[in-house]
Amino acid sequence: MKEKLSDLIFRAIERAKKSGEIEIEETPEIVLERPKEKIHGDWATNIAMVLASQVKTSPLKVAKSIIDHLDDKQHYLARVEIAGPGFINFYLSNAWLYDVLREIERKGENFGTCNVGQGIRVQVEFVSANPVGPMHIGHGRWAAVGDSLANLLTAAGYDAQREFYINDYGTQMSIFGKSVAARYCELLGREISFPEGGYEGEYVRDIAREVMEEEGGKYLELSEDEREEVFLERAYSQVLEHTERVLSEMGAEFDVWFSERTLHKSGAIRATIDELREKGYVYDKDGAVWLRTTTFGDDKDRVLIRENGEPTYFAADIAYHKNKLERGFDRLINIWGADHHGYVGRMKAAIQALGYPSEVLEVIIGQLVNLLRGGEPVRMSKRTGEMVTLEELLQEVGRDATRFFFLMRGTDSPLDFDIELAKSQSSENPVYYVQYAHARICSIMKFAEDRGFSPVSAEDALLELLAEESELDLIRKLAEFEEIVERAALSRIPHILTKYAQDLAALFHVFYTQCRVISEDLELSRARFVLARCSRQVLRNALALIGVSAPGSM
RNA sequence: GCGCCUGUAGCUCAGCAGGAUAGAGCAUCGGACUUCUAAUCCGAGGGUCGGGGGUUCGACUCCCUCCAGGCGCGCCA
């Protein structure tokens, strides 16, 4: 509709130019927007004000001239007005709104999908938590955002994949293994010094205890290094299992779990460094191997191989991103916590050093989640004992409310998550408001069925009977869905879906209060039934994108 | 010190490819169930959009500056 309208305006301006009323060289882009206030119409354009400053006449005259040359053959427009300082407001005819209902019915669960993605292959990498402890609340935010974003991209015509990068190599892992081994010895009464900076959470002791109960004290015989190795693997597989399970409970199913170790084993890191050296971006200094990231705007050059011969995390990450790109992705979207934002510059530099434009890598920097308990901050470090895990949160709050809550704010904003609040106010959570609207519609349908009501399709219904303000407002909101999906996907902002779902639910509740669906008037009931059914469809589609269920009753 | 993010109603936040009278939820106060679920609806009060400059016909939105808070600036991951 937007395109049709702007085309209509464009041709009106062309005709006005010919008639000599408007004298300009080139017609600027016509910007159409939805006014905040509905009394200003369905669409509005500022084109008259833009042109007026070029032609040096009053915007009102220009607007008048454009309107005079409008040729609305299809009768899309009910009314066109000049308002305020020179806005042209367009009021769409109801006939157009009724078409929206027919379209929703025709497209069903595909209503809202589009093809702005044009099949572009995009990979979304998110969560990627180190496998050294249970998933915490912060990971939940990235799981919700990443998974929903991938849903959105798919809906918008991208070919999207979800990937989890497992940082199963390096110092942190080693310390983790040492920590579990130390707890094991401790449980068996052998004094052993706990590693410096080790993981002190109770879960470490739990893993050690489990091994002890299953296999006794046989690992006491091993050397310290061997023991560390054994416990590292035990703990690793257990944590990974936990991670997969919890993410699955969150509703986030990954296509690929990529292990950092494979990069080390396969020699991919060396190969990547060699490639970069051939390209002339690598040099040796102070016994280490460096990448000249400053060539591509980084603050300083970065170490690839340490003095001790070990590759850095950065070197592995470059090999990883090279691997992704060689798998054929056109775009890589990484979701990182704000504590990694200083890393973006060097990674983009590395992408360019590999010979790709920096735009292929998009990094969404998400601000951190502040965990509160009754207003008091709770530390979320993996190393401190006191911690609330994502698993516990899911158990107490549920997937729907958890996901919805995590998606209610833009990723730029830090999120305060008060556990007490989430638990105690769970029935006041906006997610229930939206779900209730869906359940209400289901209830109407059940009622209709019980009464032997015979519904008809949107094609056969007398939709022009839908003329109440609350009915038309609801249809307008339904029509907006396609634009919302497109914008959310293109701008990578899944959180606007929660706002949309709440708005839509609110308009349905108003409609419900003001208009009885099943009444004595059969034709009116049929038309309203179509509207209710379409509302249910769009609510479902919106909730599906954010991974929240649409219950039939509550 | 430098970089990124944030600052909007009592509270939590939307709005920010510049647009008309700045919105919602919660909280407070007052109404609406013999009728498809009241987990709902209707109404009221509540604001120097952190401060100050600038660009513009027009700024919460863009630019500069200052203030406040968060995060980051490793041969850690």
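A note on names: the letters A, B, ... follow the listed sequences, proteins ahead of strands, and every chain is numbered from 1. The analysis underlying the following values was restricted to heavy atoms, covering all of them including side chains, and did not include hydrogens, waters or symmetry mates. This is a predicted model, so every value here is computed, not measured.
- In this model, a side-chain donor or acceptor of A:N46 finds a partner on the base of B:rG19 within 3.5 Å.
- In this structure, A:W336 and A:H321 have perpendicular ring planes: the angle between them is above 60°, well past the 30° mark.
- In this structure, A:H495 atom NE2 and B:rC16 atom C1' are separated by 11 Å, rounded to whole Å.
- Within the nucleic acid shown, A:S491 has no heavy atom closer than 4.0 Å to any nucleic acid atom.
- Side-chain N/O atoms of A:H341 and base N/O atoms of B:rG3 include a donor-acceptor pair closer than 3.5 Å.
- Rounded to a whole angstrom, the distance from the P atom of B:rC26 to that of B:rA22 is 22 Å.
- Counting heavy atoms from C-beta on, the side chains of A:E471 and A:C515 come closer than 4.5 Å.
- The CD-C1' distance, from A:Q502 to B:rU12, rounds to 12 Å in whole Å.
- When distances are taken from the side chain of A:Y432 to each of B:rA39, B:rC57, B:rA77, the shortest belongs to B:rA39.
- Residue A:R451 places none of its side-chain N or O atoms closer than 4.0 Å to OP1 or OP2 of B:rU35.
- Under the stacking definition used here (centres under 5.5 Å, planes under 30°), the residue A:F87 qualifies as stacked on the base of B:rA20.
- Backbone-only contact: A:R409 has heavy atoms under 4.0 Å from sugar-phosphate atoms and none from a base.
- Looking only at distances, no side-chain donor or acceptor of A:D298 sits under 3.5 Å from a matching main-chain atom of A:A349.
- Between the P atoms of B:rG1 and B:rA20, the separation comes to 39 Å (whole Å).
- In this structure, A:S549 OG and A:H438 NE2 are separated by 9.0 Å, a value rounded to the nearest 0.5 Å.
- When distances run from any side-chain atom of A:V510 to the nucleotides B:rC5, B:rC42, B:rU12, the shortest one goes to B:rC42.
- No aromatic stack links A:H509 and the base of B:rA39, using centre distance under 5.5 Å and interplanar angle under 30°.
- Aromatic ring orientation, A:Y313 versus A:Y165: tilted (interplanar angle from 30° to 60°).
- Among the protein residues, A:Y169 comes within range of the sugar-phosphate backbone only, with heavy atoms under 4.0 Å from sugar or phosphate atoms but none that close to a base.
- Counted within 6.0 Å of CD on A:E449, heavy atoms from surrounding residues, nucleotides or ligands total 12 or fewer; the atom is thus considered open.
- RNA chain B lies under 4.0 Å from at least one heavy atom of each of the following residues of residues 290-301 of chain A: A:W290, A:K300.
- Nucleotides B:rA14 and B:rG46 have their P atoms positioned 25 Å apart, rounded to a whole Å.
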